[in-house]
Amino acid sequence: LDIDANDYPIWERVMFIDNDLQEWDKLYEHTKKVVELFPNQPQGYFFNAIACVQLEKFEETIKITDEGLDYVVENPQLEANFLMLKGEAEYKLGNKKEAFKIFDKAVEIDPNNFLTLNNYAYYLSIDGTNLDKAERMSGKVVERFPDNGTYLDTHAWVLFKKGEYTLAKFYMESAVKNGGEENPVLLEHYGDILYKLGEKDRAMEQWKKAKSFHMIK
């Protein structure tokens, strides 16, 4: 890039590398330059929106996704991903109704966008609304990714909110086995489920584990 800053394919590789390394400050800085140099390329806006979400620049996320969507042509997957990021930003700003409308549109455009399905289901479970819909979405995700601890946790939490504690425990135990042993949120959820099933000592054990991770952090 020092030799030729106008080589877009190299900029694209840099954005992918920043994203893979989760270096959000660098991704934000690089994508600002990409948008400036290549204003017709939607990927620059998309990766900038990812950086904005991770850096909690939510109002900026909404602005950049709206700009980027203008350059998406016949690419439903990318359009749905833009909408997912916009929905995330709206939700984090407290605009739940607007966020859920955007998520609905994203799922309508790309019904197999599993990250959107998972996040939408989780937010519905937190809100305690449309839990049957949330279960259908999270169920579709875990059917496709049966070994993903994050997705299993979402499905378990939806079931927990529906009062289906035994089934929730089944999926949560699977989530723990699939990388959840060091996830404090997941362990806290596991403790809540065990408590509802009357396993208070085991629940306390999970809560203590979750708390220890927060203290280390």
Side-chain angles (χ1 to χ4, degrees), residues 16 19-20 22 46 49-50 53-54 75-92 96-97 99-199 202-203 205-207 209-211 213-214:
F16 275 106
N19 185 64
D20 288 346
Q22 299 185 7
F46 176 63
I50 290 174
V53 167
Q54 295 295 336
N75 189 336
Q77 287 80 20
L78 184 57
E79 185 180 356
N81 280 328
F82 265 114
L83 290 170
M84 174 190 69
L85 293 171
K86 184 178 181 181
E88 287 280 327
E90 291 284 11
Y91 185 86
K92 293 292 168 54
K96 293 182 184 178
K97 187 179 280 189
F100 293 161
K101 273 172 58 180
I102 294 168
F103 285 136
D104 277 330
K105 189 175 177 184
V107 171
E108 183 184 337
I109 291 168
D110 184 8
N112 293 317
N113 189 316
F114 293 104
L115 186 56
T116 302
L117 289 169
N118 175 76
N119 292 4
Y120 189 12
Y122 187 64
Y123 292 146
L124 287 174
S125 72
I126 291 173
D127 205 45
T129 57
N130 285 322
L131 292 175
D132 288 338
K133 178 179 181 177
E135 183 182 357
R136 284 194 301 274
M137 291 192 295
S138 61
K140 183 176 180 178
V141 176
V142 295
E143 187 178 341
R144 175 66 180 80
F145 299 99
D147 301 321
N148 184 300
T150 300
Y151 294 160
L152 288 162
D153 170 55
T154 294
H155 193 52
W157 196 241
V158 171
L159 293 166
F160 172 82
K161 283 301 191 84
K162 290 186 72 178
E164 298 178 21
Y165 304 126
T166 302
L167 197 54
K169 179 185 175 185
F170 170 81
Y171 282 101
M172 190 58 75
E173 287 180 341
S174 186
V176 171
K177 288 174 189 170
N178 284 279
E181 300 95 335
E182 297 184 0
N183 184 322
V185 174
L186 194 151
L187 293 171
E188 192 174 331
H189 286 169
Y190 189 24
D192 293 349
I193 292 167
L194 290 169
Y195 185 84
K196 285 290 187 179
L197 287 168
E199 300 181 44
R202 289 188 65 205
E205 185 185 325
Q206 298 306 319
W207 288 334
K209 280 186 195 174
K211 189 177 180 182
F213 281 109
H214 286 303

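None of these values were measured; they are calculated from a predicted model. Note that these values count all heavy atoms, side chains included, but never hydrogens, waters or copies made by symmetry.
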Original post:
What's the spacing between Leu83 CG and Asp104 CG if we round to 0.5 Å?
Top reply: 11.0 Å
Subject >> Flag side-chain contact, heavy atom, 4.5 Å: Thr150 against Phe145 >> reply: no
Original post:
So Trp207 and Tyr195, would you call those rings parallel, tilted or perpendicular, with 30° and 60° as cut-offs?
Top reply: tilted
Subject >> Steps toward side chain to side chain contact (heavy atoms under 4.5 Å, CB included) verdict (Lys140, Arg136) >> reply: CA-CA 6 Å; Lys140 183 176 180 178; Arg136 284 194 301 274; over 6 Å; no
**OP:** Hey, could you give me the CG/CZ distance between Leu117 and Arg144, rounded to the nearest 0.5 Å?
**Re:** 12.0 Å
Original post:
Roughly how far, to the nearest 0.5 Å, is the CD atom of Glu188 from the CG atom of Asp192?
Top reply: 6.0 Å
**OP:** Mind listing the closest non-hydrogen atom pair of Phe103 and Gly87 along with its distance?
**Re:** CZ-C, 3.6 Å
Subject >> Approximate separation, where rounding is to 0.5 Å, of Leu186 CG and Lys209 NZ >> reply: 11.0 Å
Original post:
To the nearest 0.5 Å, how far apart are CZ in Phe46 and CG in Leu85?
Top reply: 5.0 Å
Subject >> Pair Lys133, Tyr120: side-chain N/O donor-acceptor within cut-off below 3.5 Å >> reply: yes
Original post:
Roughly how far, to the nearest 0.5 Å, is the CE atom of Met84 from the CG atom of Leu78?
Top reply: 10.5 Å
Original post:
Does Thr154 reach the side chain of Val141, with side-chain heavy atoms less than 4.5 Å apart?
Top reply: no
Original post:
Would you find more than 12 non-hydrogen atoms of other residues, nucleotides or ligands less than 6.0 Å from Lys196 atom NZ?
Top reply: no
Original post:
Does the side chain of Lys162 reach to within under 4.5 Å of the side chain of Leu167, using non-hydrogen atoms?
Top reply: no
**OP:** Please report the shortest heavy-atom distance between Ala80 and Asp110, naming the atom on each side.
**Re:** CB-CB, 3.6 Å
Original post:
So, do Phe100 and Thr129 sit near enough that their side-chain heavy atoms are less than 4.5 Å apart?
Top reply: yes
Original post:
Taking Arg202 as the fixed residue, which of Gln206, Glu205, Glu199 is the one that meets the side chain to side chain donor-acceptor pair (under 3.5 Å) rule?
Top reply: Glu199
Original post:
Under the salt bridge (charged side-chain N to carboxylate O under 4.0 Å, His left out) criterion, do Lys92 and Glu88 qualify, and how do the steps go?
Top reply: CA-CA 6 Å; Lys92 293 292 168 54; Glu88 287 280 327; 3.7 Å; yes
Original post:
Can you tell which of Asn113, Asn112, Asn118, Asn119 makes a side chain to side chain donor-acceptor pair (under 3.5 Å) with Thr116?
Top reply: Asn113
**OP:** Could you point out which residue of Tyr190, Phe160, Phe170 forms a ring pair (Phe, Tyr, Trp, His ring centres under 6.0 Å) with Tyr165?
**Re:** Phe160
Original post:
If you take all heavy atoms of Ala203 and Gly191, which pair is closest and at what distance?
Top reply: CB-O, 3.2 Å
**OP:** Kindly give the heavy-atom pair with the smallest separation between Val158 and Ser138, and that separation in Å.
**Re:** CG2-OG, 4.1 Å
Original post:
Are any non-hydrogen side-chain atoms of Ser174 and Asn178 less than 4.5 angstrom apart?
Top reply: yes
Subject >> Non-hydrogen atoms of Ala210 and Pro184 that approach each other most closely >> reply: CB-O, 3.3 Å
**OP:** Report yes if the side chains of Leu152 and Met172 come closer than 4.5 Å at any heavy-atom pair, otherwise no.
**Re:** no
Original post:
Looking at side-chain heavy atoms only, is the closest gap between Ile126 and Tyr91 below 4.5 Å?
Top reply: yes
**OP:** Please name the pair of heavy atoms, one in Ser125 and one in Leu131, separated by the smallest distance, quoted to 0.1 Å.
**Re:** CA-CD2, 3.8 Å
**OP:** Give a yes or no on this: more than 12 heavy atoms of other residues, nucleotides or ligands lie within 6.0 Å of atom NZ of Lys105.
**Re:** no
Original post:
What is the ring orientation for Tyr171 with His155, classed by angle as parallel under 30°, tilted 30 to 60°, or perpendicular over 60°?
Top reply: perpendicular
**OP:** Determine, step by step, whether Lys101 and Glu90 satisfy the salt bridge (charged side-chain N to carboxylate O under 4.0 Å, His left out) criterion, reporting the C-alpha distance in whole Å, the side-chain angles of both residues, the deciding distance to 0.1 Å, and the verdict.
**Re:** CA-CA 10 Å; Lys101 273 172 58 180; Glu90 291 284 11; over 6 Å; no
